[in-house]
Trainee: 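Mind looking over this structure? Questions follow.
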Amino acid sequence: MREEKNYWQALNLALDMAMAEDSSVFILGEDVGLYGGTYRVTEGLYAKYGEERVRDTPISENSFTGLGVGAAMVGMRPVVEIMTINFALLALDAIINMAAKIPFMSGGQYTIPLVVRMPGGVAKQLAAQHSQRLEHTLMNVPGLRIAVPSTPQDAYWQLRQAINSNDPIIFLEHELLYFTKGILDSSIEPLPIHRAQVRRKGKHLTIISYSRHVLLCLQAAEQLAKQGIDAEVIDLRSLKPIDWDTCAQSLQHTHRLLVVEEDCQFAGSGAEIVTHLTERCFFELDEAPIRVAGRDIPTPFNAQLEAASIPQVADIIAAAQRFRYPS
Amino acid sequence: MREEKNYWQALNLALDMAMAEDSSVFILGEDVGLYGGTYRVTEGLYAKYGEERVRDTPISENSFTGLGVGAAMVGMRPVVEIMTINFALLALDAIINMAAKIPFMSGGQYTIPLVVRMPGGVAKQLAAQHSQRLEHTLMNVPGLRIAVPSTPQDAYWQLRQAINSNDPIIFLEHELLYFTKGILDSSIEPLPIHRAQVRRKGKHLTIISYSRHVLLCLQAAEQLAKQGIDAEVIDLRSLKPIDWDTCAQSLQHTHRLLVVEEDCQFAGSGAEIVTHLTERCFFELDEAPIRVAGRDIPTPFNAQLEAASIPQVADIIAAAQRFRYPS
Amino acid sequence: MEREQIHKMLRDMLRARAFEERAAEEYSKGNFTGFLHLYPGEEAVAVGVIHAAEPSDYIVTTYREHVHALVRGTPSKAIMAELFGRRDGVCKGMGGSMHLFDAERRFMGGYAIVGETYPIAIGVGYAVMLRKLPEAVICFFGDGAVNQGTFHESLNMAALWRLPVLFVCENNHYQIGTEIHRHSAVTDVYKRAAAYNIPAEKINGMDVLTVNRTTQRLLKQIRSGGGPYLLELETYRFRGHSMADPGTYRPAVEVHSFTTQDPISIAAHEIELNYPTTDQIAEVGPDCITLLTQHAQEKGQLIEQELALMKDDIAKEIDAAVDFALQSPQPTLEECLDDFNINQRTEILI
Amino acid sequence: MEREQIHKMLRDMLRARAFEERAAEEYSKGNFTGFLHLYPGEEAVAVGVIHAAEPSDYIVTTYREHVHALVRGTPSKAIMAELFGRRDGVCKGMGGSMHLFDAERRFMGGYAIVGETYPIAIGVGYAVMLRKLPEAVICFFGDGAVNQGTFHESLNMAALWRLPVLFVCENNHYQIGTEIHRHSAVTDVYKRAAAYNIPAEKINGMDVLTVNRTTQRLLKQIRSGGGPYLLELETYRFRGHSMADPGTYRPAVEVHSFTTQDPISIAAHEIELNYPTTDQIAEVGPDCITLLTQHAQEKGQLIEQELALMKDDIAKEIDAAVDFALQSPQPTLEECLDDFNINQRTEILI
Ligand SMILES: Cc1ncc(C[n+]2csc(CCOP(=O)(O)OP(=O)(O)O)c2C)c(N)n1
Ligand SMILES: Cc1ncc(C[n+]2csc(CCOP(=O)(O)OP(=O)(O)O)c2C)c(N)n1
Ligand SMILES: [Mg+2]
Ligand SMILES: [Mg+2]
């Protein structure tokens, strides 16, 4: 199959294929069934697979995520949808204290083949309580993996890989990506789920990002190119583990590091990226790395301020221009 | 007053004084009252102030922390004790979505003079679910402040300052510090709550840490001194905000940065410290910064492995020795 | 009930409906975006309950709270400006539709994480209890919110410590697209209060007079130390869950009769796709506004002219609110960083 | 009941007590540290319930779970070695006292965050339901755990979807130092199940025969599709909450009579400081072991010699378990990193 698809459609297809192939896969979450999913990701599956395998839940995040953990312990492959990542704060005990720790605490007796999907990020005027980013929190948890696809192709394959994996995987979907389009080609051999990908080759600086902001970085790179600044853009695709080799290789020829994240800057995901690469490539770096990140404020409702609170294309360009390039 | 006190006694005194001075201060948490507190911090207060102001709660972390938020909105000064930080995962909605965001979302109409105290860190064979560190998660939340006292003197003053503050403050107490001793001198003018303190002057490298690990860094520094390595040791005292000026000043004469944290290394608190100081002092640094941090694994129950999972004095020394010093 | 009181309530219900329908219109025009949860159909709940509250009582609400603020006395223009995200909004444009706060009126906020209203309410109640004041806290929540753990935790504490809280369930039978029989094992919410020894009752939330009378009685009891109480109000929302939801999961037959959905007989394909407007529903179903209007007219407490005048006044008020919102400036980043963001405020760092 | 069955249960209760008292001893000697929550006094609960379970049933427990594992069949030496943190422990030294897991015996783990057992149990139950198997899940929890939000959330889901879960409340009247009247507005835990339409009952948790018979009946019903059930067992712990807790908040008079504390008459200063030992309490109070022993002797199902022999066997078994634990090697960091830490395992990263 080779077709243009929306990001949500790619996810929908991945779920459909996984459920068709493996009866141990089931979905649960608020309004995933009869209603078809807030962002349409589970559309059609309730009618096709029935209410037991596509289960509408009450508003009980900690418990239905924990339900997924319990079911995974006995060999099911639950895909839990937390309607949006904002409600994941209520389910962190299930994710951190159960899913991530049981395999270890049990001395390896149990695996947790669980996927927890969460739409998230700053969307459009959803205000402070509905604009949570949680990358940093989840990255710090040993025992989890985190996938952050930015394209329909990755959305499809990484979700299939996540469902096949025996480890608990957090699957972060950006709310503003659902209606982006791209080619879904199921014949292309997918990269391993945790491998980063160079989305644009360049020689002057390395821009590292993930999820929706990869698209903004690519736009920025095109404009920078017109100014003679040739940026390499890396899409991490996975925040845990991070494919450091791909990043370090890039720095070997660019010598400049720019990290772009939507997370609040202070102790955000970018801090680990910068620190690790500084530790590893200190003498490769010509200048101090730069972060372009979310502001350290709760997200304002006002549309202009909301936009100002997270990196825009212009911010990325401005940051890239702060490096001194050899002329 | 100038007396030797345990860390827990210093906290106990701070609570007692604050309650005596201000009737809007009240305490709530599990077993803080009749039982006297798991780590004795609230000992004697139930008898003195009565059950309404020293309230024993059911095991309902999210709701009693949220209760603190509601009471703070109408001018009370609640001090919530979450019995240990491990249970704070259940209360993060109250902390992050309520306490930290209400002042902002309300356009400044409400302040939240709330203190949430949490014993935490890796103690002695408490296993994976009871060895949570949560610095990184809380640091990323705009709207919170975080105090991390390492001495009885700081424990006393920072708690008094936290109770007086109109902002929500997370007060992290390390479980292995409660029975450490130090001089409590209430006549010494305290530093501002967020100011870092140089605990040891030195010229070869800057070691930055906080809470219990400051004590380990000081021990390491003494041993390093015998080898001719003169370490400056900075106690951050506050993780949000961080007093960057004190850190940067130190790097200006040491040119080497070692960050010691008990948090898991990947996306831990050290990542922000290293990144920020690298951004700010890149050309001051002679070498790549080094982190000595917790291992990225759930905490093993076995005592030896538990010790191996977090930085020990020897690890700090070994890391300091990895720098090349001018001879 | 007094004529004057009936007029006040009717006026507030009409204002509420007009405000919400206009908000929908402004949203569709693109004057703001985000989640917009509207209240048409449920007006008797907010109006009946809040008209029973004293200025010294506190109110805690959800994201579906424009009407609660309006009835509490927050000027319509300050609410509309907030929906527009403007500087003259009640939260200076920082909160928006789901987060209206009005400290002056003890309006403790709209919370958008389901289940947050309980802990806030018991917290305010705890403060009242410590201060020994004759004040009550009104805590609103939906039928879906009953299954959040905080309901259980907070009601237990409210009962244990006899906190002065009136828990008000706005039971509109739906948690977004999930009908109550599919989200709750016990669908009479008031019965669940027995697990905490909290007295409770269910009444018709479409009848504003009963809602108001009952609430008055309960608040009096609570203010004088009677402890918490749970009041379940049966109601129905005429629109979808939010502007993003056409509400198509509700069979037309249900929408027209407000009966609860029979989970067995409803299959996805039976769902009626042409979702009716608020007016269409109000015409066929029991509508709280129609009910009160008829009642007042029958009792001779309302004449046609008065009603027309009211509607006219309201139309003008809402127009003015929109004009006000449109003319209000955008808040600036500096204001936002300096005034509301505590991380920038260092002076308090004693 | 059959003689053989009574002997088995008595033996398990004696083993349980001996194991726990020895664990306390080894702890005091410094052979391990951390939190150690012991079970003396409550043996009839774990023994009565678990003896009713089939090998195909699942068990989910709390941090106070050594006895549950022991009764389920995990060898005492594997449990003791786990307490010592050794490689031959049932979790290879990674879990410790609060986190015993035994996958082979469908022993789904000891959870140390209060309230975690409910979601795990309904998760396992959901899997059983999907697979349409005649299996039941037994979910243990304490009286204090009832106030955690997950109780409410999970029981609602269990009821909604008729999951095959037996919720077993070990009501020992205390949440650490907080007596049940001070933590729960409704102190009959079984009554709280009505909020979810879950049938429930309370029985004497000191009487192992009744516990066992009741559980057998309930599990049968659950396995054949009867839906969830809540069983409350009244019991008492003879020791403090954990080794760190001398239990001095319980008035001596209560400890001796197992009556519940009267919250009004108890002031901090009245508390008896000399906390009695397990043996002393067992002597004066209703002790499940004494009760069963007397019953069996009265019915002629147990002679003195048999009892002595049992005790002898058990003493030897426990000695051997300690020897085994002492001789078991420490796990290495490499094992710990490679085998149990998924972040190191890349092969599955398809
Ligand atoms: C904790 C949490 N989970 C999910 C949501 C998404 N959500 C918003 S409103 C809603 C339904 C709430 O239903 P109910 O409590 O009956 O209130 P109603 O919208 O009917 O007034 C859901 C699931 C949320 N905001 N918070
Ligand atoms: C969420 C959470 N809060 C607090 C604790 C600390 N804690 C451990 S056991 C316990 C009391 C539990 O009481 P109960 O459920 O009655 O069980 P029991 O110990 O009496 O068997 C508490 C408060 C915890 N482990 N988890
Ligand atoms: Mg509803
Ligand atoms: Mg108990």
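Chain A is the first sequence line, chain B the second, and so forth, proteins listed ahead of strands; every chain is numbered from 1.
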Trainee: Is it the case that over 12 heavy atoms from other parts of the model lie below 6.0 angstrom from the CD atom of D:E104?
Mentor: no
Trainee: Run the numbers on A:S63 and D:T150 for side chain to side chain donor-acceptor pair (under 3.5 Å), then give the verdict.
Mentor: CA-CA 6 Å; A:S63 292; D:T150 47; 5.1 Å; no
Trainee: Of the backbone (N, CA, C, O) and the side chain (C-beta and beyond), which part of D:I113 lies under 4.5 Å from a heavy atom of chain A, both, or neither?
Mentor: side chain
Trainee: Are any non-hydrogen side-chain atoms of D:M108 and A:V74 less than 4.5 angstrom apart?
Mentor: yes
Trainee: What distance do D:H99 atom NE2 and A:K101 atom NZ have between them, rounded to the nearest 0.5 Å?
Mentor: 8.5 Å
Trainee: Considering only heavy atoms, which portion of D:F151 lies under 4.5 Å from any heavy atom of chain A: side chain, backbone, both, or neither?
Mentor: neither
Trainee: For A:S24, which atoms come within 4.5 Å of any heavy atom of chain D: side chain, backbone, both, or neither?
Mentor: neither
Trainee: Considering only heavy atoms, which portion of D:L160 lies under 4.5 Å from any heavy atom of chain A: side chain, backbone, both, or neither?
Mentor: side chain
Trainee: Looking at chain A, which one of D:M129, D:R131, D:H152 has the largest number of heavy-atom pairs inside 4.5 Å, strictly under?
Mentor: D:R131
Trainee: Nearest 0.5 angstrom please: D:E153 CD to A:L90 CG, how far?
Mentor: 8.0 Å
Trainee: Looking at D:L163, D:V128, D:D102, D:L100, which one has more heavy-atom pairs under 4.5 Å with chain A than the rest?
Mentor: D:D102
Trainee: So, does A:Q109 use its side chain to make a donor-acceptor pair with the main chain of D:C91 at under 3.5 Å?
Mentor: no
Trainee: Between A:F64 and chain D, which part of the residue has a heavy atom less than 4.5 Å away: side chain, backbone, both or neither?
Mentor: both
Trainee: Below 4.5 Å, heavy atoms only, C-beta onward: do D:K92 and A:S106 meet side chain to side chain?
Mentor: no
Trainee: For A:D56 and D:W161, which heavy atoms make the closest approach, and how far apart are they?
Mentor: O-CZ2, 3.4 Å
Trainee: Go through D:I120 and A:I102 one step at a time and tell me if the side-chain contact (heavy atoms from CB on, under 4.5 Å) criterion holds.
Mentor: CA-CA 11 Å; D:I120 294 287; A:I102 288 170; 4.1 Å; yes
Trainee: Please step through side-chain contact (heavy atoms from CB on, under 4.5 Å) for the pair D:F101 and A:M73, ending with a clear verdict.
Mentor: CA-CA 11 Å; D:F101 290 79; A:M73 288 176 82; 4.0 Å; yes
Trainee: So which atom in D:L130 and which in A:F26 form the shortest heavy-atom distance, rounded to 0.1 Å?
Mentor: CD1-CD2, 3.7 Å
Trainee: So what's closer than 4.5 Å to chain A heavy atoms on D:M157: side chain, backbone, both or neither?
Mentor: side chain
Trainee: Answer with side chain, backbone, both or neither: which region of D:Y126 has an atom nearer than 4.5 Å to a non-hydrogen atom of chain A?
Mentor: side chain
